[in-house]
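Each chain gets a letter, A, B and so on, in the order the sequences are listed, and its residues count up from 1.
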Protein chains: 2
Amino acid sequence: MTYENLDAKLVNALLGDGRASLRSLAEELDVSVTTISNHLSDLEEEGVIEGYTPRLDYDAVGYDVTAVIQLQVEGNALPDITDTLRDHRQMISVYEVTGDYDVIAIGKFKDTDGMNEQIKALLTDPDIKASNTSVVLNAVSENEQFELDIEDA
Amino acid sequence: MTYENLDAKLVNALLGDGRASLRSLAEELDVSVTTISNHLSDLEEEGVIEGYTPRLDYDAVGYDVTAVIQLQVEGNALPDITDTLRDHRQMISVYEVTGDYDVIAIGKFKDTDGMNEQIKALLTDPDIKASNTSVVLNAVSENEQFELDIEDA
DNA sequence: TACACCTGATGACGTACGAAAATCTCGATG
DNA sequence: CATCGAGATTTTCGTACGTCATCAGGTGTA
């Protein structure tokens, strides 16, 4: 079994249960606890694994509205805009993109009123040339993390 | 409120470290281990916490390209399309939305060739009336989970 | 009544450390 | 040029120890 392979299997196992114990992982992958511990530390140091989080159901805690906001931005103002968006804690993802718009951001809000209010506030920025907001009707899947390929020997 | 202050604090603490021990959480929040255990079990049973995952840096494992794909879909074919998209494991998020397009999906790919290939394959579906793909130049933030409000006593 | 707490007992857990095994390096040899 | 093998390096492993999660039964409190 190659070195890379074990790492991929370890990551995949953790994607199944991010709080799994080192012992259960060791048993599942048929290596010693120490090996799991070493590889996991390495993966964390290399930055492959950036941390661990619970997967929250924001619906269940009152954030019922998700919106996809697309912006056309004055070229030199792009860093300012993206910084502003990132600092809005309810912005889940902020992307600089190619295409008709320069920025695509995804945010979560407690209700449509709160959403309108916040988006309106954002759009007062004179560097925003155009915008387009899509409200999510149904999140078929969201923030799914997929498993890594396992290479054969 | 369906969740109380301790629950919010507990969730926020786990957002900081999803593998934190119950003991360390108990110390941080100044309650007993038993209380942490009970509340955590409740949060999991209620579905507020859906599970735990490592946060992966997909860049570090060879998925360098992220794309935002927007689709206009023949009305009655929408479920088929979203199902197809969801079953593509590299699709991180799939949303049904209001606005110019009906579906917004975010996917990760190993390179632009792989991306083009997969997207082209998707677009052969005759129920897709129009599409628009934006390639992510820079992920300012991605899949951030924000902390819950703590209400004062 | 519903929470939060304490205690004690038990088996599981994470980590450090030295030993063992596997792998790599590289010059010598046929 | 391909092969060998001693030594160095890397990777894995088992053990031991202190910590941890869980359960049960009982106390305090709003």
Using atom CG of B:Leu22 as one end and atom C1' of C:dC6 as the other, report the distance to the nearest whole Å. 17 Å

Find the distance A:Glu28:CD to C:dC13:P and express it as a whole number of Å. 13 Å

Under-4.0 Å side-chain N/O to phosphate OP1/OP2 contact, A:Arg23 with C:dA12: no

What nucleic acid atoms does A:Ser21 come within less than 4.0 Å of, heavy atoms only: base, sugar-phosphate, or nothing? sugar-phosphate

Which part of the nucleic acid does B:Val31 contact within heavy-atom distance under 4.0 Å: base, sugar-phosphate only, or nothing? sugar-phosphate

Check the phosphate of C:dA4 against B:Thr35, side-chain N and O only, distance under 4.0 Å to OP1 or OP2. Yes or no? no

Taking only the side-chain nitrogens and oxygens of A:His39, find out if one of them lies under 4.0 Å from OP1 or OP2 of D:dT11. no

Rounded to the nearest angstrom, tell me the gap between atom CG in B:Leu40 and atom P in D:dC20. 16 Å

Enclosure of A:Glu27 CD (heavy-atom neighbours >12, cutoff 6.0 Å): no

Does CG belonging to B:Asp87 count more than 12 external heavy atoms closer than 6.0 Å? yes

side-chain contact (heavy atoms from CB on, under 4.5 Å) assessment of B:Leu137 paired with A:Asp102: CA-CA 9 Å; B:Leu137 300 172; A:Asp102 304 304; over 6 Å; no

In whole angstroms, the gap separating C1' of D:dT12 from CG of A:Leu29 amounts to 14 Å

In whole angstroms, how far is the C1' atom of C:dG14 from the CG atom of A:Leu14? 14 Å

Side-chain donor/acceptor of A:Arg55 to backbone N/O of B:Ile49, under 3.5 Å: no

To the side chain of A:Thr34, which of C:dA16, C:dT15, D:dA21 is closest? C:dA16

What's the CG-P distance between A:Leu10 and D:dT11, to the nearest Å? 15 Å

Roughly how many Å is it from CG in B:Leu25 to C1' in D:dT22, rounded to a whole number? 16 Å

Heavy atoms only, 4.0 Å cut-off, all strands: where does A:Asn38 land among base, sugar-phosphate and nothing? base

From CZ of A:Arg19 across to C1' of D:dA21 the rounded distance in Å is 10 Å

Heavy-atom side-chain proximity of B:Thr112 to B:Glu117 below 4.5 angstrom: no

Measuring from the side chain of A:Ser32 (C-beta onward, heavy atoms only), which nucleotide among D:dG14, D:dT22, C:dT15 has the closest atom? D:dG14

